[in-house]
Amino acid sequence: MTIAVMLDIETLGFRPDTVVLTFGAIKFDPNDASKEPGPGIYHRLDVDAQLEMGRSTDQSTLDWWMEQDEEVREEAMGEGNRTALTDFAKDLAKFLVGVDEVWAQGPTFDMIILENLLRQLEVPVPWRYGAVRDSRTLFQVLGDPREKNFDQAHNALVDCYHQAKGVQQVIASIVKK
C-alpha cells in the first residue's frame, strides 16, 4: 500500500513568497479507489505574521477573492481561528511521517510556496524532492474525472479530497486497461 498525501493551499498571490491563507492535506492510497481519502488536516494560517515576515500579496488575487462566494471568501480570509505558523509547521511535519508520496494540483505552485514559507520559518521541508507528484499533469494527460463546480471549491481541504479521489479514479482506469 502506498501512503500518499494530497496538499492544497489558498493564497493571496502567485509568487513563491506569497501569503498562504489556508492549508489542507488529506491522506489517501492512490492505487486503491475503493478506499476513501482521509484523515486530513486543515489550517487557517496567521496572515498578519506572514505580512510581518515580508511575504507578498497580489492585487489581482485579492480582486479574484472578492468575486468568490461570500462563505468561501470568509473561510479563506476571515480573521478568526488562525494557526500560528510554528504550530502549522509542526503539525505538517507530524502529518507527513511515513508518507511515500506528496501530491499537489501543480507542484510549481503549492509546493514551491510551502517550501518557501517553511524555509523562511527555518524549518526543514518535510518531504523528499523525489516524493512530489502532480495531479494537474495526470488529469491533463489522462482525463479529469472530478466533479465540476462542487460545493466549497477553494476550501483547501475540500479541494484536497476531490483531487485525491480524482487521482484514485485515473490510476484505477489505467490499471483496468
Side-chain angles (χ1 to χ4, degrees), residues 1-16 18 20-45 58 60-61 64-65 67-69 71-73 75-76 88-89 91-118 124-177:
M1 178 175 116
T2 300
I3 300 172
V5 167
M6 180 67 72
L7 305 177
D8 190 65
I9 59 175
E10 298 299 333
T11 69
L12 289 181
F14 300 98
R15 293 178 20 178
T18 195
V20 178
L21 296 169
T22 61
F23 169 88
I26 195 163
K27 290 184 178 177
F28 72 110
D29 182 348
N31 302 310
D32 190 346
S34 71
K35 290 185 182 172
E36 279 294 303
I41 60 172
Y42 179 74
H43 290 283
R44 299 174 74 238
L45 276 63
D58 173 75
S60 67
T61 304
W64 178 85
W65 275 112
E67 296 170 4
Q68 302 311 302
D69 179 73
E71 182 180 336
V72 171
R73 184 176 60 243
E75 177 58 31
F88 159 71
D91 198 31
L92 174 60
K94 188 167 77 172
F95 190 72
L96 292 176
V97 169
V99 168
D100 303 306
E101 299 173 352
V102 181
W103 289 77
Q105 181 78 2
T108 59
F109 183 78
D110 300 74
M111 306 307 284
I112 297 222
I113 293 169
L114 285 169
E115 287 178 8
N116 182 282
L117 176 60
L118 293 170
V125 173
W127 55 79
R128 294 175 293 102
Y129 73 92
V132 175
R133 305 288 185 269
D134 180 6
S135 59
R136 178 173 287 134
T137 300
L138 185 72
F139 296 153
Q140 182 181 9
V141 172
L142 297 168
D144 187 345
R146 295 174 298 162
E147 172 187 348
K148 305 298 182 236
N149 302 316
F150 54 86
D151 286 344
Q152 298 182 26
H154 305 298
N155 172 299
L157 187 58
V158 174
D159 288 352
C160 282
Y161 175 83
H162 288 278
Q163 289 160 200
K165 286 298 289 181
V167 167
Q168 288 176 321
Q169 291 167 350
V170 169
I171 291 174
S173 73
I174 295 169
V175 172
K176 285 180 185 176
K177 291 180 180 180

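Along the sequence shown, residues carry numbers from 1. Everything numeric in this text was worked out from a predicted model, so none of it was measured.
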Which pairs of donor and acceptor atoms, one on a side chain in residues 94-103, lie under 3.5 Å apart (sequence neighbours left out)?
{"from": "Asp100", "atom 1": "OD2", "to": "Ile3", "atom 2": "N", "distance (Å)": "2.8"}
{"from": "Glu101", "atom 1": "OE1", "to": "Trp103", "atom 2": "NE1", "distance (Å)": "2.9"}

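Closest non-hydrogen pair, Thr18 versus Gly13, comes out as OG1-N, 3.0 Å. For the residue pair Asp134 and Gly106, the shortest heavy atom distance occurs at OD1-N, 3.3 Å. For the pair Leu7 and Cys160, the tightest heavy-atom approach, listed with the atom from each and the gap, is C-SG, 3.6 Å. Nearest heavy-atom pair across Thr22 and Ala76 is CG2-CA, 3.9 Å. Scanning both residues, Gln105 and Ser135, for their nearest heavy atoms gives OE1-OG, 2.6 Å. Here the closest heavy-atom approach between residue Met6 and residue Ala164 is recorded as CE-N, 3.7 Å.
Taken from CG in Asp8 to CD1 in Ile26, the straight-line distance is 11.5 Å, to the nearest 0.5 Å. Atom CG of Leu21 sits about 10.5 Å away from atom CD of Glu75, to the nearest 0.5 Å. In this structure, CG on Leu114 lies 6.5 Å from CG on Leu118, to the nearest 0.5 angstrom. Note that CD of Glu36 and NZ of Lys165 are 4.0 Å apart. Values are rounded to the nearest 0.5 Å. Note that CD of Glu71 is 9.0 Å distant from CG of Asn155, once rounded to the nearest 0.5 Å. Rounding to the nearest 0.5 Å places CG of Leu45 at 8.5 Å from CZ of Phe23.
Counting heavy-atom neighbours within 6.0 Å of Arg73 CZ, excluding the residue itself, gives a total above 12.
When side chains are defined from C-beta on, Trp127 does not count as touching Val5, because their heavy atoms never get closer than 4.5 Å.
Listed by chain and number, the residues in a side-chain contact (heavy atoms from CB on, under 4.5 Å) with Asp29 are Met1, Thr2, Asn31, Asp32, Lys35 (sequence neighbours excluded).
Side-chain atoms of Trp65 come within 3.5 Å of backbone atoms of Thr11 as a donor-acceptor pair (strictly under, hydrogens ignored).
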